[in-house]
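Working notes, structure below.
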Amino acid sequence: MTFITATAPVATNSHGGRAKCLQRLVRLELPVPKTVALSFAEVHRIAGGEMPDMDALLAPFESDAIVCVRPSSEDPDWGGPGAILNIGMNDARHASLSDQIGARAANGLYARFIQSYSVNVARLDPDTFDDMDYQAADICRQLLDAYEDEAEEPFPQSRADQLAGVLRSMARAWEGTSARLLRQAKGAPADAGLGLVVQEMVLGLGHGECGSGVLQLVNSTTGLPQITGRYLSQSQGREALETGAALFLERDSRGPSLQETVPEAFEELKAHAALMRIRLRAEMQIEFTIESGNVHILDGVRVQRSSRAAVRIAVRLAKDGIIPKQEALIRVEPRALSELLHRQVDPEAQRDVIATGIAASPGAATGKIVFSAAEAQASAARGEACVLVRRETNPEDIRGMHDASALLTERGGITSHAAVIGRGLGVPCVVGASSLRFQLRKRALIAPDGRVFREGETITIDGTEGQILAGEPAMLEATLDDSFQTLMAWADEERDIDVRANADTPADAQTARNFNANGIGLCRTEHMFFEADRLTVMREMIFADASDDRRSAIEQLLPMQRDDFTKLFRIMQGQPVCIRLFDPPLHEFLPTDRAGLRDLAEALNLPLSVVTRRADALGEYNPMLGMRGVRLGITVPEIYDMQARAIFEATIAASRDGDPIVPEIMIPLVSAKREVELVKTRIDAVAAAVRTEQGTDFDYRLGVMVETPRAALRAEDIAPHCHFFSFGTNDLTQMTYGLSRDDAGRFMSTYVRQGVFPEDPFHTLDADGVGELLKLGAQRGRAAQPDLTLSVCGEHGGSPESIAFCRKIGIDYVSCSPFRVPVARLAAAQLAILDKIG
Ligand code: PEP
Ligand code: MG
């Protein structure tokens, strides 16, 4: 046990954060009551039944001092047992205090202690004390009788016995299984220790101005400077926060304040708080007591903060010269940034959770339930927000997905279609919500508790938490304020890996630019073909019998694609743009139901039977491993020829009004060198033709997506034909595990819960397996082609853990959904800083 003085050996990793903070306050010569700290080791021994020498523990305190015990874990966020106040109150002390400070105040102190001792130490049922009149003159006697009845023993009168009981119960509570699981969920290690501090009480009750309260210098929601907190006369602990009767601190139009009532104490507290901010290098919340007009500081804890406040607080501390910029960057959790980029459910709002699923795209949105993409479009046309609910989405739903405020699917995982598109659009999305019954024909969702939500009813999707909520809870708007921009600029000064965005449309590209991406790392061109006018031409192309017919359809697609690419190049203003050639199986473009097939038959002027037969013929048992990507490029080469031409013509057009553009063209799903040779020959030929036709020269870079295990293994054969490799970790994970990215959601949570996988590998890169292929591919590729640019463009590109791995193996850039770009920029900066400072 250690009596806390300015020089006593107290450390956060042995005595916990609270003990260390109290020592800092002592060093600042603030009015802190006497405190003794018990280390993690001592508390662990107490839990095992080995009590410290109680006389020695109590020696620093006056013989009649009342004390309290508070928890002191290493990280305050890991929680701990609640504080127990007024230890030392007994019949004799009650009598003497009644004389000194009045019977009412003495009753308050003793009653509080009897009650918390009974519940927390003797483990009596809290109901025992229901229906008691706490204003009654004999309340203590009533409580003592109730205790004696239930516990079948007299209430302990010795302070040492009381304290021993409190210490034992707090130590054991910490080591219980449920408390351990709870803190592990908050990131605590399994063997995290608990320290305890025993502190002399300054009674907030008695004659003169007595009371307690909390104070902080910033608003916890906005992070803006504002003195916030409450003070309550004749109170203890945090009671001031629990009643409407408490005073404001600063003068306030809503009611009386401490500033007006006890101005000297208010000024003194303000000065202490300002000193703590500077010397503790953090925004702190102070717990204080006033006794006969004198201020005492009992405790200081880091101010609770929203993500928005976290950014503002870190930036202000750095701008005020209290912490360096690098530390400000380290203090903000990268994932918290995504809360700033999206609307969120107000943390104060009531949540009526209907069901949960996989949190696939962050942010929250409210809307009326619709069950088809067409209804989503209709709803948007009426100006009504809607939530698009599907078993799973497919490319045909894309327009409706654009128009929906949020997406909800029964199936799918973190890289399924709805998830990828949701993140790309910045639309909140929950997938794999299989605990809900999706009754699509009846147009209803049935919650696990039996409630039915029908088409047109309002629900809210919280894609940050993975929750589906009934109704419309209050929201906090997204805000990209100055502090955010400042923090991002500081991050860019530090980071040593580029961050590009996956962007398919001009709107995505604009978002990418707004978030300062270093270019586009993946443009999935197939997403450009789902506009209604293009889809019909696409279908004509797919159904063309003769090469001539196909060519005529493709000629119609060419100007559309050229226009798409010109726009992307112009928006990106000379930043690199990497365009992936057509990837998905063709049948994804065909209608999936009878009505759609009939419409198509009409448009093509073909009998329904022919259209149906041809659509069936294009179907595959396993389309993700079938005729897609480069395999399509080789068997139907006209598509890639058209895309290459569109890219080159757009290059010339966009270069006219700016710096020359060097487009990057990427071939998907490669597994053999010969595939690259064949495609490269044709693309070179298209480039030569365009150069001749237009009389203009240009450069381009050709690369492949390494997303099959074989491409990684044979990287040495493939690299000599390439300027770059981009690891498509979505497909690479799918193929390395032999695990369908669209179906894994069904059992992933069971797998993670049972520890088969530490995490969903589609979410966090599997460094051991998939990562090994990345390492091999990178080494072998660079061995054959030292200038090879390497990147990762799967969804992992935006996750901080994956970025750490990518930096280690020499990846030049990561590319992720535009809305994850800021998260990736900050994560990359933190990694660079941690490397620099060791
Ligand atoms: C990938 O497979 O990692 C990838 C980026 O491509 P897609 O998600 O479009 O298959
Ligand atoms: Mg892929």
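Numbering of ligands and ligand atoms starts at 1, following listing order. Model, not experiment: these values are computed from the prediction. Residues: numbered from 1 along the sequence shown.
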Quick check for students: name every N or O atom pair between ligand 1 and the protein closer than 3.5 Å, with distances.
| unit_1 | atom_1 | unit_2 | atom_2 | d |
| --- | --- | --- | --- | --- |
| ligand 1 | 2 (O) | E707 | OE1 | 2.9 |
| ligand 1 | 2 (O) | D731 | N | 2.9 |
| ligand 1 | 2 (O) | D731 | OD2 | 3.1 |
| ligand 1 | 3 (O) | G728 | O | 3.3 |
| ligand 1 | 3 (O) | T729 | N | 3.1 |
| ligand 1 | 3 (O) | N730 | N | 2.7 |
| ligand 1 | 3 (O) | N730 | ND2 | 3.4 |
| ligand 1 | 6 (O) | R580 | NH1 | 2.9 |
| ligand 1 | 8 (O) | R524 | NH2 | 2.7 |
| ligand 1 | 8 (O) | N730 | ND2 | 2.9 |
| ligand 1 | 8 (O) | R741 | NH2 | 2.7 |
| ligand 1 | 9 (O) | R524 | NE | 2.7 |
| ligand 1 | 9 (O) | R524 | NH2 | 3.4 |
| ligand 1 | 9 (O) | R580 | NH1 | 3.0 |
| ligand 1 | 9 (O) | R580 | NH2 | 3.0 |
| ligand 1 | 10 (O) | D731 | OD2 | 3.0 |
| ligand 1 | 10 (O) | R741 | NH1 | 3.0 |

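Using the six-membered ring where Trp is involved, F565 and F569 have ring planes that are tilted, between 30° and 60° apart.
In this structure, R500 forms a cation-pi arrangement with Y813, its terminal cationic atom sitting closer than 6.0 Å to the ring centre and no more than 45° off the ring axis.
Residues I421 and H527 form a side-chain contact, since some pair of their non-hydrogen atoms from C-beta on lies under 4.5 Å apart. Side chains of L581 and P668 form a contact here, defined as non-hydrogen atoms less than 4.5 Å apart.
A donor-acceptor pair shorter than 3.5 Å cannot be found between the side chains of E392 and S416. In this model, no donor atom of one side chain and acceptor atom of the other lie less than 3.5 Å apart for N730 and Q734.
Scanning all heavy atoms of the two residues, the minimum distance from T729 to G794 falls at OG1-CA, 3.2 Å.
Less than 2.8 Å away from the Mg ion (ligand 2), the protein contributes these N/O/S atoms: E707 OE1, D731 OD2.
Evaluation of the side-chain contact (heavy atoms from CB on, under 4.5 Å) rule for T681 yields no partner, not counting sequence neighbours.
Applying the salt bridge (charged side-chain N to carboxylate O under 4.0 Å, His left out) test to pairs two or more places apart or on separate chains, those with a residue in residues 636-647 are D641-R682, R645-E649, R645-E693.
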